Amino acid sequence: MSSSPSVGAETTRAAPIQRPTAAGGSRFGVRISGSGSAIPQTRLTNKDLEQLMDTTDEWITQRTGIRTRHVFKHDLGETTARLATQASMAAVADAGLSPSDIDLVIVASMTPDAPTPSVSCMVSSALGTQKAGAMDINAACSGFVYCMNVAHDLIRGGSYRNVLVIGADRITRHVDFSTYGRATAVLFGDGAGAVVLRRTDDDTKGLIAQAMFSDGSGAKHLYIPASKADFPDGDAFEERKIGFVQMNGSAVFKFAVGTFSRLIEQTLESAGIGPTDVDHYVCHQSNARILEAARERFGLPPEKLHVNIDRYGNTVAASVPLVFDEIRRAGRVREGHKVMFLAFGAGLTWGSSLWQV
Ligand code: ACO
């Protein structure tokens, strides 16, 4: 892997945060009206991984905070589209809608079942949405946050009423569960989460601030090579790496810690509020130590910055909506709360979405 960890410095540069463009110019607000999630049946504990590779429960728990994760099984028909559909059915029901009310389906995924058809088309058809628009967006772990921002502005602009936004990934397709792949194998799990966003006449509801960024110069730190041509300078080609996640863990770790802090600061500044004014930080779950660093930096109590990585691992684009669905169903997200969604991931990409719910 490339050894330079300099990406953190490049990617945490100051950059303008976009305010919602429709502020003052739209009569519509946007509500998060329902949520749902789905995880594969098969649970893998750290002890299970000890049987597959040279690792220990202690190493994984101390370095990452992960204890278990769920992995798909082909035999059980657990495709990306199937998991996304299950999460969507729950979200649509939770919103009190029927699938025919949905007029756009947006899926965040970097592991579609095939290059085409898109996951969103398969979900739309499986739900029976009556020909809703459907598109997939690939921004790796940042995908769901990107899609929330895109969907919000499409509704607020007046073109759509009810948009289903899904994060779904089967990243363990690209994980080598042997000692050779142990540095990444222990981190990941599969799943899907969904929300329904609805137009409302209450224009105080919706985005307060949002941001989407990328830096392709950091692509070399986290990639899945499809052929020899995909290996960046400095990374030796090896046939057995083809199709599997390659990661410079320490470079990504530094990038993540710096980016999370900068992103929270910038988003709060754009909204004109302080860290404790936000009721819930719903963050990408990539490592408990990265989350803990952000929590300490902003002096947040554990009940504001949510962690479920211990049970699911890093589920890529599903990570943020899995957390949100969990706290929403537990009744912790209430009318009038401010919720900040945050993620970073391969690309490199990163983004935030701060909501008045
Ligand atoms: N079990 C036991 N030992 C291991 C394992 C394992 N599973 N994996 C690596 N090791 C060993 C290494 O070989 C190394 O041994 P050595 O010192 O003899 O060479 C030692 O453990 C230390 O490895 P480090 O890489 O220094 O461990 P670190 O403390 O950095 O933790 C980790 C590694 C957990 C991967 C950390 O770097 C990390 O979390 N990075 C960020 C990951 C991340 O956020 N990824 C985002 C993905 S987002 C997306 O879009 C997909």
Side-chain angles (χ1 to χ4, degrees), residues 1-5 7-8 11 44-67 69 108-111 137-146 167-191 212-216 218-225 243-261 263 283-294 307 309-310 312-320 322 342-351:
M1 294 297 306
S2 307
S3 56
S4 162
V7 67
T11 53
L44 268 188
T45 64
N46 293 347
K47 287 283 177 200
D48 294 330
L49 292 181
E50 286 180 0
Q51 307 305 310
L52 299 173
M53 63 191 76
D54 181 13
T55 193
T56 61
D57 176 28
E58 188 189 9
W59 192 96
I60 302 169
T61 308
Q62 284 183 359
R63 303 282 177 127
T64 71
I66 302 167
R67 294 181 184 278
R69 73 285 292 145
S109 184
M110 61 176 243
T111 54
I137 291 179
N138 178 352
C141 301
S142 311
F144 181 81
V145 173
Y146 269 47
D169 268 302
R170 270 195 303 147
I171 185 65
T172 67
R173 286 169 85 181
H174 298 289
V175 163
D176 175 359
F177 283 107
S178 73
T179 297
Y180 187 79
R182 68 178 181 171
T184 51
V186 301
L187 302 175
F188 294 108
D190 304 319
M212 296 188 276
F213 296 114
S214 73
D215 182 356
K220 61 192 176 211
H221 296 304
L222 188 47
Y223 66 99
I224 302 175
F244 293 117
V245 178
Q246 304 301 314
M247 185 177 70
N248 181 338
S250 62
V252 176
F253 191 92
K254 282 177 193 155
F255 156 72
V257 170
T259 297
F260 256 13
S261 290
L263 197 52
C283 303
H284 174 47
Q285 310 280 305
S286 64
N287 188 320
R289 286 153 58 205
I290 294 172
L291 297 170
E292 183 57 21
V307 178
I309 192 172
D310 51 318
Y312 301 114
N314 177 350
T315 55
V316 190
S319 164
V320 167
L322 279 177
L342 290 159
F344 68 91
L348 298 167
T349 56
W350 62 107

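Source: prediction; values computed, not measured. Counting starts at 1 for both ligands and their atoms, following the listed order.
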request  = Return the orientation label for the Phe213 and Trp350 ring planes: parallel under 30°, perpendicular over 60°, tilted otherwise.
outcome  = tilted
ask   = Can you tell which of Asn314, Leu187, Val252 makes a side-chain contact (heavy atoms from CB on, under 4.5 Å) with Ser286?
value = Asn314
For a distance cut-off of 3.5 Å, show me each N or O of ligand 1 paired with any protein N or O, plus the separation.
residue  : atom   : partner : partner atom : Å
ligand 1 : 1 (N)  : Thr55   : OG1          : 2.6
ligand 1 : 3 (N)  : Trp59   : NE1          : 3.4
ligand 1 : 7 (N)  : Thr55   : OG1          : 3.1
ligand 1 : 7 (N)  : Arg182  : O            : 3.2
ligand 1 : 13 (O) : Arg182  : NH2          : 3.3
ligand 1 : 21 (O) : Trp59   : NE1          : 3.2
ligand 1 : 27 (O) : Arg63   : NH1          : 2.9
ligand 1 : 29 (O) : Arg63   : NH1          : 2.8
ligand 1 : 37 (O) : Gly249  : O            : 3.2
ligand 1 : 39 (O) : Asn287  : ND2          : 2.7
ligand 1 : 40 (N) : Gly249  : O            : 3.0
ligand 1 : 44 (O) : Ser286  : OG           : 3.3
ligand 1 : 50 (O) : Ala346  : N            : 2.8

ask   = Should Leu222 and Asn248 count as side-chain neighbours, where that means a heavy-atom distance under 4.5 Å?
value = no
key: Under the side chain to side chain contact (heavy atoms under 4.5 Å, CB included) test, residues paired with Gln62 that sit two or more places apart   = Glu58
query = Does the ring centre of Phe255 sit less than 6.0 Å away from the ring centre of His221?
reply = no
Inter-residue atom distance Ile224.CD1 - Gln246.CD, 0.5 Å rounding = 9.0 Å
